[in-house]
K.L.:
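One structure, as structure tokens, below. Some questions next.
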Amino acid sequence: MPLRRVGPFRLIVRSALVQVNERSIRALMRNATDVAAVVSPAGILLYASEAAAQVLGYTPDQLVGRALIDHAHPDERVDVERRMAARMAEPDGSAGTAIFRFRHADGRWRWLEATAHNQLDEPSIKGLVLNIRDVTAQLDTANQLRASESRYQSLAESAPVGIFQTDMAGRIVFANARFALIAGLPLHRILGEGWFDAVHPEDRAKVAMEWTQGLTDEAAGRPNRPLLLDFRFRATGTMTDMPVLCQRVRMAEGGGFTGTITDVSEYVHTVKELAASRARTEAILDAAADAILTIDDGGMIRHFNRAAEEMFGVSSGDAIWRPVDSLLPQACLREEGGRAVAFAPGQTTAVIARSRAAEVRRTDGSVFPVEISVSASEVDGRRLYTGIIRDVTERQRIEREIIAAKEAAEATDRAKSIFVATMSHELRTPLNAVIGFAQLMEMKMHDPRALERCIEYATSIRMSGEQLLAIIDDILDMARVEAGRLELAEQPLDLSVVLAQAASQMDFQASRIPVTVAIQVAPDLPPVRGDDRRLCQALCNLLSNAIKFSPVSGTVTVSAGVAADGWLEIAVRDTGIGLEPKDIPKAMTAFVQLDQSMTRRFEGLGLGLPLCRRLVEAHGGVLALDSRPGEGCTATIRLPASRILTLDEFLAGV
């Protein structure tokens with residue numbers, strides 16, 4: 001049945017069964033949430049339903065009689081006027097929808113969706129009937145969704161990791177450009193299961209198994225756990241392996257999974273470089289000749305190199321995380337005074353000490369000197385102290401030897417200077433006697449009565465010459481010994497004969513003091529093998545010293561026999577002035593005289609005992625002195641048992 005409009009918003013539907021009156025229509029309009037309005041051809045609001053107060057913030061009375069365009073946003077007024085004019089130009093009954101902004105009574109702009117019906121031909125309306133709905137919330141939600149999607153898209157495309165989404169079967173339905181770049185495949189080949197083509201052949205089976213296992217966990221009743229995979233991509237056409245880390249989780253809604261692919265090649269490279277650097281550092285530290293150890297603030301050992309193990313006698317495993325005080329005082333590896341040194345801005349290390357002297361202890365309890373250089377560093381806010389420790393035991397020994405050698409060289413130099421002066425005196429004395437007696441002989445040659453005196457002068461000249469020859473012989477012999485050119489003429493010897501010969505040569509010197517020389521030979525004194533001239537020379541030097549330092553009417557005793565250890569001993573004892581035990585090494589040193597003053601009482605070059613010692617050592621023996629001040633001196637020659645001969649060997653040799 002056709003509808004007919006009667007008066008403004010009065011709709012009469014005629015039918016055989018139903019009739020709706022104007023009161024019912026108004027009741028429906030009051031309960032409507034959308035605004036119903038009528039706009040005249042001039043754009044003036046002729047009617048507004050009561051929903052206007054709720055939707056637009058205005059009562060119907062505040063809207064009726066005002067132009068609709070006055071409430072529209074300035075940027076959209078032209079468009080609103082154009083749309084209204086176009087709608088009014090359309091045929092009667094046509095409708096159209098537009099969205100525009102409308103100023104709410106509170107001053108905010110609200111988005112309205114208006115559906116306009118052309119009712120200009122209706123005599124009771126003669127305008128546009130509008131149905132207005134507030135769509136601000138829907139538009140805001142849509143805009144937020146679009147912004148969220150845009151942000152997600154931007155983040156996905158700008159993310160430094162590959163991002164993907166899969167369906168329930170694990171097939172990739174979305175992947176960002178970074179995923180394709182990491183995999184080395186075009187983006188369209190990533191979708192579905194095409195990305196498996198980029199997985200390294202050696203890792204492909206493992207990835208496929210774990211990828212599928214993760215999909216079936218939920219179906220099998222197992223808890224849904226995130227999937228974490230590490231594998232390698234091999235870019236198409238290259239042999240470059242790219243290690244990656246894949247993380248995948250199930251999406252809360254909609255099914256499927258989402259995840260990331262991270263290129264960890266730089267991380268792996270860094271880890272390898274760090275491991276290589278650490279290995280190089282460890283190799284350098286273990287190859288270092290000096291002990292190197294590091295302690296923390298609490299004095300606990302954090303590093304202990306191989307040289308430290310050898311130096312302290314403890315393994316690295318037993319030393320690390322132990323207190324350093326068990327090896328050396330913690331203060332040796334810290335700042336003096338205990339105040340931590342302040343680092344300069346940007347500085348992470350500082351030298352605490354260089355060549356710090358200390359004494360440390362090995363695990364066996366032995367103590368030895370060291371030099372320590374210490375530096376401090378900070379790691380994660382914690383201070384570490386590294387000490388380089390050098391054992392200076394050998395160096396100090398060498399330094400002591402160098403100092404001793406220097407002092408000995410200086411002493412030898414001084415002794416040689418004094419020796420030259422002394423030798424000049426010792427040589428001049430017999431030479432002056434030779435010259436003086438020769439001059440006297442020249443003066444007495446023409447006097448027959450002076451013949452006996454000339455014989456005495458000749459005897460004195462001979463004795464002075466022999467004294468001078470003995471001095472020169474000692475000097476030459478010492479020179480041969482120093483040069484290593486002394487040669488022995490060895491033969492079987494009867495020591496009693498050698499002793500008697502030496503005592504006979506010393507008769508003249510002994511008679512001048514006078515001193516008695518007594519010889520005591522054991523009845524069973526065996527023969528020996530040696531150089532009789534050199535042994536006699538050694539005995540003469542010992543007898544000369546004993547006679548020279550004996551008191552008037554004193555006795556010098558020469559004894560010989562076999563000692564309990566089988567060695568042959570020849571001892572020369574005197575009852576003279578003796579000497580301090582500390583002076584014995586000096587007396588045995590060449591060119592050194594205990595009394596080096598110009599007013600010394602006893603003459604000599606200081607070669608007797610040193611030359612005697614060298615002659616005895618040439619026979620494989622030793623010379624020992626035993627003396628005390630005022631108790632005389634005993635010089636003992638000890639010859640090894642290997643030089644003792646049996647009677648048959650002696651006779652065969654003779």
Side-chain angles (χ1 to χ4, degrees), residues 2-13 20 22-147 149:
L3 301 178
R4 187 170 66 88
R5 300 177 180 87
V6 181
F9 291 93
R10 182 178 295 170
L11 179 61
I12 300 175
V13 180
V20 181
E22 182 178 353
R23 180 177 297 175
S24 299
I25 296 296
R26 290 188 180 277
L28 290 173
M29 298 300 292
R30 281 196 301 270
N31 293 327
T33 58
D34 295 344
V35 179
V38 177
V39 181
S40 69
I44 302 301
L45 284 165
L46 301 177
Y47 172 79
S49 66
E50 294 182 7
Q54 181 180 355
V55 176
L56 306 177
Y58 298 100
T59 63
D61 294 340
Q62 292 175 322
L63 294 175
V64 173
R66 298 189 63 181
L68 177 64
I69 199 68
D70 292 344
H71 296 280
H73 194 280
D75 295 342
E76 298 166 356
R77 287 179 181 178
V78 174
D79 185 59
V80 171
E81 289 179 342
R82 181 183 60 77
R83 287 177 176 274
M84 289 177 60
R87 181 55 50 205
M88 290 180 183
E90 293 291 329
D92 181 40
S94 63
T97 301
I99 297 176
F100 63 96
R101 282 174 289 182
F102 187 90
R103 186 184 294 276
H104 194 273
D106 61 7
R108 294 178 298 165
W109 294 100
R110 309 291 293 179
W111 286 98
L112 303 180
E113 181 185 67
T115 302
H117 294 267
N118 187 337
Q119 298 292 322
L120 292 174
D121 294 339
E122 177 62 44
S124 59
I125 298 179
K126 295 184 179 180
L128 296 178
V129 178
L130 304 179
N131 186 284
I132 301 174
R133 177 181 300 172
D134 187 349
V135 294
T136 303
Q138 293 91 322
L139 289 179
D140 287 346
T141 301
N143 289 335
Q144 290 175 3
L145 181 59
R146 284 193 296 272
E149 291 178 349

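Only heavy atoms go into these numbers, but all of them, side chains included; no hydrogens, no water, no symmetry mates. The first residue of the sequence shown is numbered 1, and numbering continues consecutively from there.
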K.L.:
Distance alone, cut at 3.5 Å: any donor-acceptor contact between the side chains of Thr136 and Asp134?
P.N.:
yes
K.L.:
Provide the closest heavy-atom pair for Gly96 versus Arg87 in the form atom of the first, atom of the second, distance.
P.N.:
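Nearest pair, atom of Gly96 first, then Arg87: CA-NH2, 3.4 Å.
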K.L.:
So Lys126 and Leu46, side chain to side chain contact (heavy atoms under 4.5 Å, CB included) or not? Walk me through it.
P.N.:
CA-CA 10 Å; Lys126 295 184 179 180; Leu46 301 177; over 6 Å; no
K.L.:
Is there a side chain to side chain contact (heavy atoms under 4.5 Å, CB included) between Leu63 and His71? Walk through the geometry before answering.
P.N.:
CA-CA 10 Å; Leu63 294 175; His71 296 280; 3.9 Å; yes
K.L.:
Near Arg133 CZ, under 6.0 Å, is it more than 12 heavy atoms from other residues, nucleotides or ligands?
P.N.:
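Count not over threshold, so no.
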K.L.:
For residues Arg103 and Trp109, report the shortest heavy-atom separation together with the two atoms involved.
P.N.:
NH2-CZ2, 2.8 Å
K.L.:
Ignoring hydrogens, what is the shortest heavy-atom contact between Pro60 and Ala48? Give both atom names and the distance.
P.N.:
CB-O, 3.3 Å
K.L.:
Please round to the nearest 0.5 Å and tell me the distance separating atom OG of Ser40 and atom CE of Met88.
P.N.:
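Result: 6.5 Å between the selected atoms.
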K.L.:
If every non-hydrogen atom of Val64 is compared with every non-hydrogen atom of Tyr47, which pair is closest and at what distance?
P.N.:
CG2-CA, 4.0 Å
K.L.:
How many angstroms lie between CG in Asp34 and CG in Asn131, if you round to the nearest 0.5 Å?
P.N.:
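So the gap between those two atoms works out to 5.0 Å.
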K.L.:
Show your working on side chain to side chain contact (heavy atoms under 4.5 Å, CB included) between Leu139 and Ile99 and close with a plain yes or no.
P.N.:
CA-CA 10 Å; Leu139 289 179; Ile99 297 176; 4.1 Å; yes
K.L.:
Could you give the distance from CG (Asp106) to CG (Leu56), rounded to the nearest 0.5 Å?
P.N.:
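The CG atom of Asp106 sits 11.0 Å away from the CG atom of Leu56.
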K.L.:
Quick one: closest heavy-atom pair of Leu130 and Ala116, and the distance?
P.N.:
CD2-CB, 3.4 Å
K.L.:
Could you check if a side-chain atom of Arg110 sits within less than 4.5 angstrom of a side-chain atom of Val55, using non-hydrogen atoms only?
P.N.:
no
K.L.:
Taking the side chain from Glu76 and the backbone from His73, do they hold a donor-acceptor pair closer than 3.5 Å?
P.N.:
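Side chain of Glu76 to backbone of His73: no pair is present.
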K.L.:
With a 4.5 Å limit on heavy-atom distance, are the side chains of Val38 and Leu45 in contact?
P.N.:
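Not in contact.
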K.L.:
Enter the distance from Glu113:CD to Ile132:CD1 here, rounded to the nearest 0.5 Å.
P.N.:
11.0 Å
K.L.:
Return the CE to CG distance between Met84 and Asp79, rounded to the nearest 0.5 Å.
P.N.:
12.0 Å
K.L.:
What is the minimum heavy-atom distance between Phe100 and Ala72, and which atoms define it?
P.N.:
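Looks like CD1-CB, 4.5 Å.
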K.L.:
With side chains defined as the heavy atoms from C-beta onward, is the minimum distance between Leu68 and Phe102 less than 4.5 Å?
P.N.:
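In contact.
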K.L.:
What's the spacing between Leu145 CG and Gln138 CD if we round to 0.5 Å?
P.N.:
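The CD atom of Gln138 is 13.5 Å from CG of Leu145, to the nearest 0.5 Å.
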